[in-house]
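Following: one structure in structure tokens, then a few remarks.
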Amino acid sequence: MHRHTGTGIRGRARRFGRAAAVLGLLTTAACTSAPGSTMPSALPPEAAPDTVTVATWNMCGVEQWGCADKGSPDDKLQQLRALAEWRGVRVMLLQEVCSEDLLSAARRLGKDWHSEFDPYVSVDEAGRSVPVGCTGEGRGQAGSGLLAASPLTEVQAVPTQQPTAGVHRRFLCAQVPAQGVRVCNGHVALRGADTAHPDRDFREEQLRSLFEAAAQQAPDRTIVGGDFNSPPPVGGSSSSGLWPAEAYTTYQECDQKGGSRAGRRTHDDGAKIDYLFTALPRTGCQVVDTTFSDHRALVMRVSRPAPEVSTS
């Protein structure tokens, strides 16, 4: 796990420029609000002082994973900038991001921006493991990341059941004190991800681990999201057994209206597989077409929680 800050570091196709990237982000679909109500059709560009805006986006930054035609690193940076400047996003949960691209984004968004990165690791049947590298000179490793307009603290890489042979992807949780929230970012394994046991499905185990991690600290102010590689549990579908009960009881999903668990598509194949869950009151939600990925970004605005009162 590598820590990046706005002031330093520890640890595909045609370029359209910033204006076109911003215009691409304006192609959105309005989502829904708390049970029985309707959300605004758009989120304001400014971050209101009584709200927090969070996004999740699979950036499709690992070119060898079918993303060679999904824009350059600079194209993707402009999408991140548009989320921040036009949507008021202050915390981003990112998947399939390259470590050096994430670092560059934190630097170029400004001195207040900070990031955390956790690499994907490829494990063979003999147990040998190597980090997954990003294609392209100087782009570093592939992994998941957090990007925030304020420091990230109490960062925790959450282990979970992983394939015997295949890509291992831990989950990443962190506190965002300036926003009063905690976030947990998950990238759940696809069915068939274990090349040694291709019939095994890790999604139920991994989703359970992710929501258990969310419950460990301040569950009432934790936002859980990411690319879950699973459709919502709708109409008794086969996906229903994958989901922990608390996902739609203790929490509600960004694109959830009343008792409905269906949501708008977030992937080019027409499925919804990207999610943001929270117990905080939701005041806005959008699905944003980012152009330079096979995933759309999901953007959720919530009421800012009251400051925690110290009991010491």
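Note that the numbering runs from 1 along the sequence shown for the chain. Just so it is clear, the model here is predicted, and its values are computed rather than measured.
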> Parallel, tilted or perpendicular: which fits the ring planes of Trp65 and Tyr120, with parallel below 30° and perpendicular above 60°?
Replying inline: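 Because their plane-to-plane angle is under 30°, the rings of Trp65 and Tyr120 count as parallel.
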
> salt bridge (charged side-chain N to carboxylate O under 4.0 Å, His left out) with Asp268: which residues, sequence neighbours excluded?
Replying inline: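 Result, salt bridge (charged side-chain N to carboxylate O under 4.0 Å, His left out) vs Asp268: Lys70, Arg296.
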
[X]-[Y] side chain donor-acceptor pair, cut-off 3.5 Å:
X      : Y      : value
Gln206 : Thr160 : no
Ser104 : Asp101 : no
Glu125 : Thr195 : no
Gln256 : Arg261 : no

Which value, rounded to the nearest 0.5 Å, describes the distance between [X] atom [atom1] and [Y] atom [atom2]?
X      : Y      : atom1 : atom2 : answer
Asp194 : Arg191 : CG    : CZ    : 11.5 Å
Leu83  : Thr53  : CG    : OG1   : 10.5 Å
Leu207 : Asn229 : CG    : CG    : 9.5 Å
Arg282 : Ser303 : CZ    : OG    : 11.0 Å
Leu80  : Glu85  : CG    : CD    : 11.0 Å
Thr153 : Gln175 : OG1   : CD    : 5.5 Å

> Can a salt bridge be assigned to the pair Glu154 and Arg182 using a cut-off of 4.0 Å between side-chain N and carboxylate O?
Replying inline: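 No, no charged N to carboxylate O under 4.0 Å.
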
> Between Arg200 and Glu205, is the closest basic N to carboxylate O distance under 4.0 Å?
Replying inline: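 A salt bridge is present here (some side-chain N lies under 4.0 Å from a carboxylate O).
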
Backbone N/O of [Y] and side chain of [X]: donor-acceptor pair under 3.5 Å:
X      : Y      : result
Ser122 : Val130 : no
Arg221 : Gly180 : yes
Arg81  : Arg108 : yes
His168 : Pro163 : yes
Gln95  : Thr56  : no
Arg90  : Ala84  : yes
Asp255 : Arg264 : yes
Asp227 : Asp274 : no
Ser150 : Val176 : no
Lys76  : Phe292 : yes

When you compare the side chain of [Y] with that of [X], does any pair of heavy atoms fall below 4.5 Å?
X      : Y      : answer
Asn185 : Asp118 : no
Ile223 : Leu276 : yes
Leu298 : Lys272 : yes
Ile273 : Val188 : no
Phe202 : Gln162 : no
His295 : His267 : yes
Pro244 : Glu246 : yes
Phe117 : Leu103 : no

Looking only at heavy atoms, which two atoms of [X] and [Y] are closest? And how far apart?
X      : Y      : result
Ser293 : Cys60  : OG-CB, 3.4 Å
Leu102 : Gly145 : CD2-CA, 4.1 Å
Ala279 : Tyr251 : N-CD2, 3.6 Å
Ala157 : Arg170 : CB-CZ, 3.5 Å
Leu147 : Ser115 : CD1-CB, 3.9 Å
Arg203 : Phe228 : CD-O, 4.4 Å

>> Show, in sequence, the C-alpha distance, side-chain angles and deciding distance for Ser230 and Glu204, and conclude whether the side-chain hydrogen bond (donor to acceptor under 3.5 Å, both in side chains) test is met.
In response: CA-CA 10 Å; Ser230 307; Glu204 181 179 359; over 6 Å; no

